[in-house]
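To start, the structure itself, in structure tokens.
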Amino acid sequence: MVGDWLTVPDIAERLGVSLSAVRTMLADRELIASRIGPRRVLAVPARFLTDEGPRPELRGTITVLADGGYDDDEAITWLYTPDSTLPVEGAPIDAMWAGFKTEVRRRAQELAF
């Protein structure tokens, strides 16, 4: 469902930062990750990043989903689950990148009720 994933070392290399800087992004909830593959490595969906760092639209949505009781795996699943009622074709992640951040967050808030 997610497609491309980046490990912590991949992110550090891509952004030109230290491993501890990437771990700080995860701790500060700028990014969320999941354990994937047979070795259960910690990885972040590649679409959560730009060449400069974490997508700025993502942090608030992660917070709303967490406030609604979603853990990181559930939040990633929700962000990547296709929804035909969105203003663009695809999943909430596609709608966010198409400029519908507010609509995606509104829907995430509704999940908490």
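Heavy-atom basis, side chains included; hydrogens, waters and symmetry copies ignored. Nothing fancy with the numbering, it's 1 onward along the sequence.
The heavy-atom pair separating Pro45 from Tyr80 by the smallest distance is CB-OH, 3.3 Å. Thr81 and Thr77 make their closest contact through OG1-O, 2.5 Å (heavy atoms, listed as atom of the first residue, atom of the second, distance). When all heavy atoms are compared, the tightest approach of Arg29 to Ala66 is NH2-CB, 4.1 Å. Contact between Leu49 and Arg14 at its shortest, heavy atoms only, is O-NH2, 3.8 Å. Annotation for Ser18 and Ser20: closest pair OG-OG, 3.0 Å, computed over non-hydrogen atoms.
Ion pairing of Glu103 with Arg106 is present here, as a side-chain N (NZ or NE/NH1/NH2) and a carboxylate O approach within less than 4.0 Å.
Among residues at least two apart or in separate chains, side-chain hydrogen bond (donor to acceptor under 3.5 Å, both in side chains) pairs with a member in residues 53-62 are Arg55-Glu57, Thr61-Arg105.
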Would Phe48 and Leu6 satisfy side chain to side chain contact (heavy atoms under 4.5 Å, CB included), going step by step from the backbone distance to the final call? CA-CA 10 Å; Phe48 285 5; Leu6 298 170; over 6 Å; no
Candidate pair Arg107 and Asp83, rule side chain to side chain contact (heavy atoms under 4.5 Å, CB included), full reasoning: CA-CA 11 Å; Arg107 290 172 185 235; Asp83 181 346; 3.1 Å; yes
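Between Ile11 atom CD1 and Leu26 atom CG the span is 6.5 Å, to the nearest 0.5 Å. How far CG of Leu15 is from CD of Glu52: 9.0 Å, rounded to the nearest 0.5 Å. Interatomic distance, CZ of Phe100 versus CG of Leu86, reported as 9.5 Å (0.5 Å rounding). Glu13 contributes atom CD, which lies 10.5 Å from atom CG of Leu19 (distance to the nearest 0.5 angstrom). The OG1 atom of Thr50 sits 11.0 Å away from the CG atom of Leu58 when rounded to the nearest 0.5 Å.
Looking only at side-chain heavy atoms (C-beta outward), Tyr70 and Leu79 stay at 4.5 Å or farther from each other. Residues Leu65 and Trp78 are in side-chain contact: their nearest non-hydrogen atoms beyond the backbone lie under 4.5 Å apart.
The local environment of CG in Asp28 is crowded, with over 12 non-hydrogen atoms from other residues, nucleotides or ligands closer than 6.0 Å.
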Could you tabulate the donor-acceptor pairs under 3.5 Å formed by side-chain atoms of residues 87-99, not counting sequence neighbours?
| from | atom 1 | to | atom 2 | distance (Å) |
| --- | --- | --- | --- | --- |
| Asp94 | OD1 | Arg47 | NH1 | 2.7 |
| Asp94 | OD1 | Arg47 | NH2 | 3.2 |
| Asp94 | OD2 | Ala91 | N | 2.8 |
| Trp97 | NE1 | Arg47 | O | 3.3 |

Considering only distance and modelled atom types, tabulate donor-acceptor pairs under 3.5 Å from the side chains of residues 31-39, sequence neighbours left out.
| from | atom 1 | to | atom 2 | distance (Å) |
| --- | --- | --- | --- | --- |
| Ser34 | OG | Asp73 | OD1 | 2.4 |
| Arg35 | NH1 | Arg40 | O | 3.1 |

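The closest donor-acceptor contact from the side chain of Asp10 to the backbone of Thr7 lies under 3.5 Å.
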